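Worksheet for the structure shown next.
All of these numbers come straight from a predicted model, not from anything done at the bench.
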Amino acid sequence: MKLIFIKVKRTIRYLFYRDLKINEQIEISEKIKDDKLLSQYWKMSKADRQHSYEVFSRTKEKSDNRELLLLSLLHDIGKSKINASLFFRVFSDLGLIENSKSKIYLNHELVGLEILKAINVNENIVEYYENNLLKQKNIILGKTDY
């Protein structure tokens with residue numbers, strides 16, 4: 001029941017995502033100092049950028065850990081490999097669509113790790129992403145409804 005509630009809440013939020021305000025864009029560029037990482041952030045859809053910024057804002061309330069804040073902005077970069085509509089996302093989550101695109105969507109965190117490795121960013125960032133997002137589903141991010 002809790003999972004359904006979260007999915008419904010995320011779907012409703014998705015419908016109302018907006019472009020980021022200029023002060024939010026500046027804050028993001030100050031947090032993501034690496035140009036390759038910043039480029040990956042801007043490759044995400046408007047909804048995924050807004051969602052990541054919301055996760056970032058909620059994470060800031062709980063932690064000032066630089067790597068964790070960076071991770072909160074980048075946790076959905078794997079979704080940039082596909083152009084997924086709201087209905088596609090919902091149907092994939094429900095298991096009603098099973099194709100290569102839905103596999104990328106459902107495994108976007110692993111795809112994000114592959115992206116980080118491919119663009120040759122700092123190895124510490126790659127390790128932090130792998131250890132905190134993939135291996136242990138970071139505790140703080142989990143509390144932010146990421």
Please check: side-chain N/O of [X] versus main-chain N/O of [Y], any donor-acceptor pairing under 3.5 Å?
| X | Y | value |
| --- | --- | --- |
| Ser52 | Arg49 | no |
| Thr59 | Val55 | yes |
| Asn99 | Ser102 | yes |
| Lys36 | Ile119 | yes |

Any non-hydrogen side-chain atom of [X] less than 4.5 Å from a side-chain atom of [Y]?
| X | Y | value |
| --- | --- | --- |
| Lys46 | Arg18 | no |
| Lys43 | Lys81 | no |
| Tyr129 | Leu70 | no |
| Leu71 | Asn132 | yes |
| Gln40 | Ile115 | yes |
| Val111 | Ile82 | no |

Exercise for the section: Would you please classify the geometry between the Tyr17 ring and the Tyr14 ring as parallel, tilted or perpendicular, with 30° and 60° separating the classes? Expected result: perpendicular
Pairwise distance [atom1]([X]) to [atom2]([Y]) - rounded to 0.5 angstrom:
| X | Y | atom1 | atom2 | answer |
| --- | --- | --- | --- | --- |
| Asn122 | Asp34 | CG | CG | 8.0 Å |
| Glu24 | Ser57 | CD | OG | 7.0 Å |
| Glu67 | Leu74 | CD | CG | 12.0 Å |
| Ile97 | Lys103 | CD1 | NZ | 13.5 Å |
| Lys31 | Ser72 | NZ | OG | 9.0 Å |
| Glu130 | Leu116 | CD | CG | 10.0 Å |

Would you kindly confirm whether [X] and [Y] end up in one hydrophobic cluster when ILVMFWY residues are joined by side chain heavy atoms under 4.5 Å apart?
| X | Y | result |
| --- | --- | --- |
| Leu20 | Leu15 | yes |
| Phe56 | Trp42 | yes |
| Ile12 | Tyr53 | yes |

Practice task
Show your working on side chain to side chain contact (heavy atoms under 4.5 Å, CB included) between Asp76 and Met44 and close with a plain yes or no.
Solution key: CA-CA 8 Å; Asp76 276 344; Met44 290 191 296; 3.9 Å; yes
Sequence neighbours excluded and cut-off under 3.5 Å, please list the side-chain donor-acceptor pairs for residues 83-96, or say none.
residue : atom : partner : partner atom : Å
Ser85   : OG   : Phe88   : N            : 3.2
Arg89   : NE   : Ala84   : O            : 3.1
Arg89   : NH1  : Asp48   : OD1          : 2.9
Arg89   : NH2  : Asp48   : OD1          : 3.3
Arg89   : NH2  : Asp48   : OD2          : 2.8
Ser92   : OG   : Phe88   : O            : 2.9
Asp93   : OD2  : Lys7    : NZ           : 3.4
Asp93   : OD2  : Tyr105  : OH           : 3.4

List the atom of [X], the atom of [Y], and the distance in Å for their closest heavy-atom pair.
| X | Y | value |
| --- | --- | --- |
| Ser63 | Leu69 | O-CD2, 4.0 Å |
| Arg13 | Glu54 | NE-OE1, 3.8 Å |
| Glu109 | His75 | CG-O, 4.1 Å |

Problem - Lys/Arg N to Asp/Glu carboxylate O, Lys21 vs Glu27, below 4.0 Å - result: no
Exercise for the section: Evaluate whether atom NZ of Lys60 has more than 12 neighbouring non-hydrogen atoms of other residues, nucleotides or ligands under 6.0 angstrom away. Expected result: yes
